[in-house]
Amino acid sequence: MSVLLYNTMSRQLEPFQPIKESDVGLYTCGPTVYNYAHIGNLRTYLFEDLLKRTLLISGFKVNHVMNITDVGHLTGDGDDGEDKLEKMASKTNRTVWEIASYYTEAFFKDYDELNMIRPTTVCKATDHIEQMIALIKRLEERGHTYISGGNVYFSIDSIDDYGKLARLDLQALRTAVRDDVEVDGNKKNSKDFVLWFTKSKHGEQAMMWDSPWGRGFPGWHIECSAMSMHYLGESFDIHCGGIDAIPVHHTNEIAQSEAATGKPWVKYWLHGEFLLDETGKMSKSKGEFLTLGLLESKGFDPMDYRYFCLGGHYRSQLKFSFESLETARTARRNVYDRIQNLLNQGAKKIALQRSEALAYQSAFLEHVQNDLNTPRSLADLWGVLKDEGLSIDEKYTLCLYFDQVFGLRFDTITKAEEQTFPPEAMALLQQRIEAKKVKDWALADSLRSELDAMGYVVKDTPSGSSLEKKM
RNA sequence: GGUGCCAUACCCAAGCGGUAAGGGAAAGGUCUGCAAAACCUUGAUGCAUCGGUUCGAAUCCGAUUGGCACCUCCA
């Protein structure tokens with residue numbers, strides 16, 4: 001069974017066939033490090049992690065490259081927008097370099113806490129200005145650029161398939177629809193975009209580099225083209241990002257990359273849908289700024305969020321609410337409890353042989369390889385946990401196998417050991433056992449609620465009473 | 001103005017032509033002194049509405065209604 005992936009370029013499910021036999025080149029758009037990532041950003045990285053894990057379990061080797069956008073470029077294609085790094089730097093009285101390194105670190109903290117497998121290569125835009133300049137030079141030599149108002153622009157009329165990814169109807173598109181966007185009069189075609197700025201209306205930037213066109217800084221899109229080709233070659237397998245990147249960012253990346261090389265650039269384009277909050281699209285500038293840290297401060301485990309995302313398909317919008325997150329937490333804890341019960345009964349990892357067990361394994365693979373249908377494969381997990389026809393070893397083994405894709409840290413679950421509790425708690429428990437013995441239910445109940453207030457749950461089982469820390 | 005996506009039980013959410021996965025919540029049960037925990041059971045004759053195609057449609061087509069996103073800030 002091959003891996004089926006939905007390719008935005010063809011708008012179809014396609015069997016995945018890497019350019020080089022089993023060695024996959026994967027490029028994922030990384031963060032702009034001017035602020036914390038919100039959980040909507042994180043959802044996209046989780047989808048990419050899932051894709052990578054699915055490729056790995058399917059036997060591919062994955063060479064994963066992710067960029068860090070740390071260059072203080074303007075956010076628009078014209079000479080408009082604002083420089084987010086500069087803005088945050090002046091707001092907090094730090095340098096742009098400090099801002100970039102601070103938020104890069106914060107990003108990878110989230111990345112690790114969510115148990116995402118780190119990219120093979122993480123590349124910073126500011127370390128690759130040279131490659132960007134070289135790429136712009138190539139475009140210039142091939143006649144795809146012009147200089148206007150001091151900036152170097154890419155001319156979309158110099159190629160004949162601009163907008164093929166987004167299937168843009170160039171005639172029908174409006175420019176500067178949004179109020180806060182200004183029309184850039186320097187452009188020959190309103191869809192042209194800047195490759196290199198030397199004259200910005202914002203004047204001097206903290207980050208500037210010398211170039212053949214003068215001292216300045218790169219445009220918005222050039223870094224991904226330059227770095228992906230530098231690390232993965234001029235044609236590679238998969239490029240991912242959020243769905244919002246299709247009409248502008250990825251469209252422009254394709255235009256400049258293929259214009260420079262004359263070759264097809266990326267074989268498969270995959271895009272993650274948005275996470276929505278009550279107001280619609282999640283945003284850093286309006287409403288509550290939801291970060292992983294905020295979720296944790298409210299008592300959630302990063303794995304709760306990971307489980308929550310697994311519950312929806314990556315190509316569907318997913319509605320976030322704390323109620324839904326609590327649902328995910330409960331479900332995840334139930335899974336953990338069941339797995340721990342298996343361990344308590346002595347479950348161990350074995351080689352699967354029986355067809356009943358192998359059937360679950362292949363069903364799981366089929367679902368996950370079918371364009372990452374994690375909601376369906378989560379149902380497979382529950383099927384395994386509830387199937388009395390499987391041995392505990394088979395169940396445990398299957399759970400660990402599934403977790404290669406889920407990444408829910410099932411391997412960290414351990415047998416319930418004799419937990420140690422503070423002596424005062426143990427004393428209360430002992431008193432309650434005595435009270436129960438003499439059928440003093442009133443005292444027993446009050447001791448139970450006292451322990452509850454201390455954060456301990458009393459569990460009465462046929463074999464006696466014990467304590468458990470409240471989760 | 002243009003383009004695209006979506007509408008499935010109380011909530012979240014799979015399914016993509018062959019007779020509705022899963023989770024959470026809820027209810028009932030077993031257990032218990034009572035609880036909690038655990039375990040078991042139950043759940044849409046129905047997939048926004050109205051037409052159409054088909055032996056057969058949640059799945060295809062058309063219309064309507066509602067929601068969301070994109071068209072130079074955000075994944």
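Within every chain, numbering begins at 1; the chains are lettered A, B, ... in the order of the sequence lines, protein sequences first and strands thereafter. All of these numbers come straight from a predicted model, not from anything done at the bench.
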Open item on the list: Distance check needed: B:U3 C1' versus A:Ile246 CD1, whole Å only.
Closed with: 12 Å
Open item on the list: Tell me the interatomic distance from A:Tyr307, atom OH, to B:G23, atom P, rounded to whole angstroms.
Closed with: 8 Å
Task: Most 5' of A:Gln317 and A:Asn341 on RNA chain B, judged by nearest nucleotide - done: A:Asn341
Open item on the list: Just verifying a value: how many Å separate A:His249 NE2 and A:Cys29 SG, rounded to the nearest 0.5 Å?
Closed with: 4.0 Å
Open item on the list: Does anything in residues 376-390 of chain A come within less than 4.0 Å of RNA chain B? Heavy atoms only, and list the residues if so.
Closed with: A:Arg376, A:Ala379, A:Trp382, A:Lys386
Open item on the list: For A:Tyr6, is there any backbone N or O sitting under 3.5 Å from a side-chain donor or acceptor partner on A:Asp371?
Closed with: yes
Task: C1' gap between B:A27 and B:A9, integer Å - done: 15 Å
Open item on the list: For a quick check of understanding: with a heavy-atom distance under 4.0 Å over all strands, which category does A:Thr374 fall into, base, sugar-phosphate or nothing?
Closed with: nothing
Open item on the list: If you compare every side-chain N and O of A:Asn334 against the phosphate oxygens of B:G24 (OP1, OP2), does one of them come in below 4.0 Å?
Closed with: yes
Open item on the list: Expressed as a whole number of angstroms, how long is the span from A:Tyr162:OH to B:C71:P?
Closed with: 12 Å
Open item on the list: Against the six-membered ring of A:Tyr146, is A:Lys188 placed for a cation-pi contact (under 6.0 Å from the centre, within 45° of the normal)?
Closed with: yes
- [ ] Check whether any side-chain N or O of A:Arg338 sits under 4.0 Å from OP1 or OP2 of B:C39, and answer yes or no.
- [x] yes
Open item on the list: Just to be sure I understand: a Watson-Crick pair is purine N1 to pyrimidine N3 plus N6-O4 or O6-N4, both under 3.5 Å. Using that and G-U wobbles, which stems of three or more pairs involve RNA chain B?
Closed with: B:1-7 with B:65-71, B:10-12 with B:22-24, B:26-30 with B:38-42, B:48-52 with B:60-64
For nucleotides 8-12 of chain B, tabulate all protein N/O to nucleotide N/O atom pairs closer than 3.5 Å, reporting atom names and distance.
residue	atom	partner	partner atom	Å
B:C12	OP1	A:Lys319	NZ	3.4

Open item on the list: Using atom C1' in both nucleotides, what's the gap between B:G43 and B:G23 to the nearest angstrom?
Closed with: 14 Å
Task: Counterpart residues, ring pair (Phe, Tyr, Trp, His ring centres under 6.0 Å), relative to A:Phe364 (two or more places apart) - done: A:Phe402, A:Phe406
TODO: Give A:Glu326 one of three labels, base, sugar-phosphate or nothing, depending on what nucleic acid heavy atoms sit under 4.0 Å from its own.
DONE: nothing
Open item on the list: Taking B:A20 as the reference, what is the distance to B:A58 when you measure between their C1' atoms (whole Å, please)?
Closed with: 8 Å
Task: Protein-nucleotide distance (A:Lys191, atom NZ; B:C70, atom C1'), rounded to Å - done: 11 Å
TODO: List the protein contact pattern of nucleotides 28-37 of chain B with one symbol per nucleotide (5' to 3'): B for base contact, S for sugar-phosphate-only contact, - for none; contact means a heavy-atom distance under 4.0 Å.
DONE: -----BBBBS
Open item on the list: Any salt bridge linking A:Glu388 with A:Lys395? Criterion: basic side-chain nitrogen under 4.0 Å from a carboxylate oxygen.
Closed with: yes
Open item on the list: Need to verify one output field. Residue with the more 5' nearest nucleotide on RNA chain B, A:Cys29 or A:Ser316?
Closed with: A:Ser316
TODO: Using the P atom as the reference point in each nucleotide, state the distance between B:C61 and B:A7 in Å, no decimals.
DONE: 14 Å
Open item on the list: Check A:Arg448 with A:Asp452, please: is the shortest side-chain N to carboxylate O separation under 4.0 Å?
Closed with: no
Open item on the list: Suppose you measure atom P in B:G15 against the same atom in B:C60; what distance do you get, rounded to whole Å?
Closed with: 12 Å
Open item on the list: Keeping A:His38 on the side-chain end and A:Leu292 on the backbone end, is there a donor-acceptor pair under 3.5 Å?
Closed with: no
- [ ] Output all residues satisfying ring pair (Phe, Tyr, Trp, His ring centres under 6.0 Å) with A:Tyr111, sequence neighbours left out; order by chain, then residue number.
- [x] A:Phe107, A:Phe108
TODO: Grab the CG-P distance between A:Leu168 and B:C71 for me, whole Å please.
DONE: 11 Å
Task: Whole-Å P distance, B:C10 and B:U49 - done: 14 Å
Task: Touch class at under 4.0 angstrom, heavy-atom based, for A:His271 against every strand present - done: nothing
- [ ] Return yes if some donor-acceptor pair links the side-chain N/O of A:Asp70 with the main-chain N/O of A:Ala125 below 3.5 Å, else return no.
- [x] yes
- [ ] Round to a whole Å and report the spacing from CG of A:Leu4 to C1' of B:C16.
- [x] 14 Å
TODO: Considering only atom P, compute the distance from B:A44 to B:G33 and round it to an integer number of Å.
DONE: 36 Å
- [ ] Can you tell me the distance, in whole Å, between the CG atom of A:Asn189 and the P atom of B:C71?
- [x] 17 Å
Open item on the list: Regarding A:Arg306 and A:Asp49, does a basic nitrogen lie under 4.0 Å from an acidic carboxylate oxygen?
Closed with: yes
TODO: Please round to the nearest 0.5 Å and tell me the distance separating atom CG of A:Leu451 and atom OG of A:Ser446.
DONE: 9.5 Å
Task: Pairwise distance CD(A:Glu296) to CG(A:Asp110) - rounded to 0.5 angstrom - done: 7.5 Å
Open item on the list: If you compare every side-chain N and O of A:Asn373 against the phosphate oxygens of B:G15 (OP1, OP2), does one of them come in below 4.0 Å?
Closed with: yes
Open item on the list: Please report whether the ring centroid of A:His250 lies less than 6.0 Å from that of A:His271.
Closed with: yes
- [ ] Determine, using ring centers only, whether A:Tyr456 and A:Phe421 are less than 6.0 Å apart.
- [x] yes
Open item on the list: Using only atom types and a distance under 3.5 Å, with no angle test, would you say the side chain of A:Arg432 pairs donor to acceptor with the backbone of A:Ala444?
Closed with: yes
Open item on the list: Quick check against the 3.5 Å criterion: does A:Lys124 have a side-chain atom that pairs as donor or acceptor with the backbone of A:Asn67?
Closed with: no
Open item on the list: From CG of A:Leu276 over to C1' of B:C74, roughly how many Å is that when rounded to an integer?
Closed with: 14 Å
Task: Whole-Å C1' distance, B:C70 and B:G18 - done: 37 Å
